[in-house]
Protein chains: 4
Amino acid sequence: MPTQKQPTQSPATSPVARKQKKPPAPPSPERRAELLGIAAEVFAEQGYNATTVRKIADAAGMLAGSLYYHFDSKESMLEEILRTFLTELWDGYDAVLAAPLGPRETLEALVTESFREIDRHRAAVAIYQKESRHLVTQTRFEYLLESQRRFEKTWLTTLERGVSDGVFRADLDVRLTYRFVRDTVWVAASWYRPGGGHSPEEIARQYLSMVLDGIAVRA
Amino acid sequence: MPTQKQPTQSPATSPVARKQKKPPAPPSPERRAELLGIAAEVFAEQGYNATTVRKIADAAGMLAGSLYYHFDSKESMLEEILRTFLTELWDGYDAVLAAPLGPRETLEALVTESFREIDRHRAAVAIYQKESRHLVTQTRFEYLLESQRRFEKTWLTTLERGVSDGVFRADLDVRLTYRFVRDTVWVAASWYRPGGGHSPEEIARQYLSMVLDGIAVRA
Amino acid sequence: MPTQKQPTQSPATSPVARKQKKPPAPPSPERRAELLGIAAEVFAEQGYNATTVRKIADAAGMLAGSLYYHFDSKESMLEEILRTFLTELWDGYDAVLAAPLGPRETLEALVTESFREIDRHRAAVAIYQKESRHLVTQTRFEYLLESQRRFEKTWLTTLERGVSDGVFRADLDVRLTYRFVRDTVWVAASWYRPGGGHSPEEIARQYLSMVLDGIAVRA
Amino acid sequence: MPTQKQPTQSPATSPVARKQKKPPAPPSPERRAELLGIAAEVFAEQGYNATTVRKIADAAGMLAGSLYYHFDSKESMLEEILRTFLTELWDGYDAVLAAPLGPRETLEALVTESFREIDRHRAAVAIYQKESRHLVTQTRFEYLLESQRRFEKTWLTTLERGVSDGVFRADLDVRLTYRFVRDTVWVAASWYRPGGGHSPEEIARQYLSMVLDGIAVRA
DNA sequence: CATGAATGAGGTTTCATTCAT
DNA sequence: AATGAATGAAACCTCATTCAT
């Protein structure tokens, strides 16, 4: 006895296909995106677990229950936030990787692209940093693992290419270097404020300068 | 079959010391420390909010309520974990700062000391990284703020001294460099596993090499 | 078998209005008051501490957690019950005190008003009697202390005026008399049942007769 | 199968009657009484339910668990406190009732005796006032009900005798008068402090003066 | 007698979620 | 789309009680 069939029982009485009753109107994508943005802010600020749906609703100027018109659950909001971010992140990375660049230029482009993503998805990045570790244990978030593996492979390959080509130092532990660069870049999301003094490109340049040449004055 | 006779019956007949008879009356402070260690692991693994006291109790082999014989609340466990860590951290830092070192040596010593603290207090550091941002808003955790401020001042001073002395590059944004170094070091807690291949000192050396001289091959 | 049809089916066929269909959307304040009334009964019956929120919820036909939609805590329910009572009590007292009455008439009017309050707020009075002593130690309930002090002053003044005017005996300890009258009146809440044989005014008359003229036959 | 027989099982092995193991020494009655006194104070002060055994133990300078060497349970402490009080109360009342007194003298003697009991068992009386209502529902405390009934009968009889004899006013509701006198007397336990300015006999005299002759100046 | 540690039941509270309106 | 009210599971915490030492 499917719930949705109910309207079909008396279709003759209503010849005009009037808006279905149960999902009265597919919640507008714009509103969804708006609400997800708000939710992401709160998640990033307070942590996913510490964020109650009531806090999100407050921030959105509605009541907690009303969110369920737009989303299945609190978790699905989180999922959509992270998935959206990762999708766009890989769009950017893929564009970089498709270009015929040397290892050093690739690294520079990846870092720059990363800061651009931080600029656009600051909240999502912050959430990712804080929550991904324990989310990956849930089947629903397995795609995080895939992304992580691809990410690691991308960076390791780039670094190794650089070492082979003689543009990166060979005396460093590549895994350690990978973590070093990765953390260095992404942790910025915890303090970066879009619209602050620095553009993503500027920050990228400074970071690259440090990472590539070090902070010590050359002998 | 009196329970009390058991030890007298086969002290020598059971060659295997099964499960280490717990000392007759373990003085409170040691048990506290033991339990705090367990709690810290769980907090670090799952996040403070996602950790239920039941999980901690399970890990400690007791019932949830029993924890309250030793601690006032879940929060007070967190507090004690972080406070203990910060106290020891500053003991180490103060020793470094008291020594008559140049800015570069100071930076090297601070980084090395930091990795030693990560080695000793991995869980606490991980917790600190994840939770401090929203904890500082609570009066109970205001001491985190003080520590942060002192921390920042210490590092900024060291970096500025280095720039003045001409041992650090003058073309870098000092605040950005501070964050760079800070994050670089502490995020290591999220993947560092004591007893793994690298000693804290080795890791410190590699990190310092990267931070000071960069990863690019010198022109 | 739509649930909604039920009212339309037999609105007139059921002569007995069974259990008073609750209004479609009872505005919050009324529901609050209703629930507070229920809670007050249970508190009065079993004592505040012995009353579990589950008992209140049972009495209200809901689940324990549901109460928290309306109230912050069990304690805040108690607070609101007592505060409401005291507010109305003082409204009544103030009206009496504003009238140009002699001390004996004032005393009579205060006693009568008191019995009326017992009639209207029996549960709250009983709770007040049982719990106020240890509640006053909590800052949240400091207003009870203020009320008590004002209460005492009001009665002492009235009694003293009566002694000065020669309508009350001068050979009695005024403080003792105050306690005597006070207790005599309020303890009635512990056995008074509204709708019983006596109206508040009748009880007041009898009490006043005893208090003013004694129970002994005049010599 | 009396518990105490257990040691008789191996009497031959220990020719010397050494202190029994299980109940190592029947807890001394003096210590019991002392602890009960302390418990009564705390019960009276905070209410039975709000009193934790830890609070009692604190007041007694011991740990919560240690109380269980002396008493079976928190409830049994309460029971013993109330039973002791009621036993002594009825000893006093019975002595009064055995004397060949007229109704007015009986009433005076009962009231005086009551204030003496309040003087000796203030805490117990206060507890009785606060808790008896809901205790009587438990089988363990049924004796409270019996006492109450006997109490009521005693007083009603005395009052009725007085009315018959023409020493008490006939125009009063006897039940109401009973409650009036009863409450008037016992509520005093809530503010009475032994060793204060008034002896029990003095207070009794004042109370009797008010109850018998009223507070109004005789016309 | 008393302690230190633990148990286990139950209490208050929180919160994601549902649903009729 | 959103509200208001409620659910139910699970969380934190309390506390009477037990027991080996």
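In what follows, chains are A, B, ... by sequence order, proteins preceding strands, each numbered from 1.
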Check: Looking at five pairs on each end of the helix from E:dA2-F:dT21 to E:dT21-F:dA2, what is the angle between the two axes, given to 10 degrees?
Finding: 20°

Next item on the list: Take the protein atom CG of A:L67 and the nucleotide atom C1' of E:dC15, then report the distance between them rounded to whole Å.
Entry: 13 Å

Notebook entry, point to check: Does anything in residues 48-59 of chain B reach DNA chain F, meaning a heavy atom under 4.0 Å, and if so which residues?
Noted result: B:T51, B:T52, B:V53

Checklist line | Spacing between A:K74 atom NZ and E:dC15 atom C1', to the nearest angstrom | finding: 8 Å

Item checked: side-chain hydrogen bond (donor to acceptor under 3.5 Å, both in side chains) against C:E45, all qualifying residues, sequence neighbours excluded -> none

Next item on the list: Taking atom P in both F:dT21 and E:dC1, compute the distance separating them and give it to the nearest angstrom.
Entry: 22 Å

Check: Please give, in whole Å, the distance from F:dC13 P to B:Y68 OH?
Finding: 3 Å

Check: Considering only E:dT12, F:dA5, E:dA16, which nucleotide approaches the side chain of C:S28 most closely?
Finding: F:dA5

Note to self: If the test is salt bridge (charged side-chain N to carboxylate O under 4.0 Å, His left out), which one of C:R140, C:K74, C:R32 qualifies with C:E80?
What the structure shows: C:R32

Next item on the list: To the nearest Å, give me how far apart OH (D:Y69) and P (E:dT3) are.
Entry: 13 Å

Notebook entry, point to check: Whole-Å distance between E:dA5 P and B:F71 CZ?
Noted result: 11 Å

Next item on the list: Round to a whole Å and report the spacing from CG of D:L35 to C1' of E:dC1.
Entry: 11 Å

Notebook entry, point to check: Tell me: CG of C:L63 to P of F:dA10, nearest whole Å?
Noted result: 15 Å

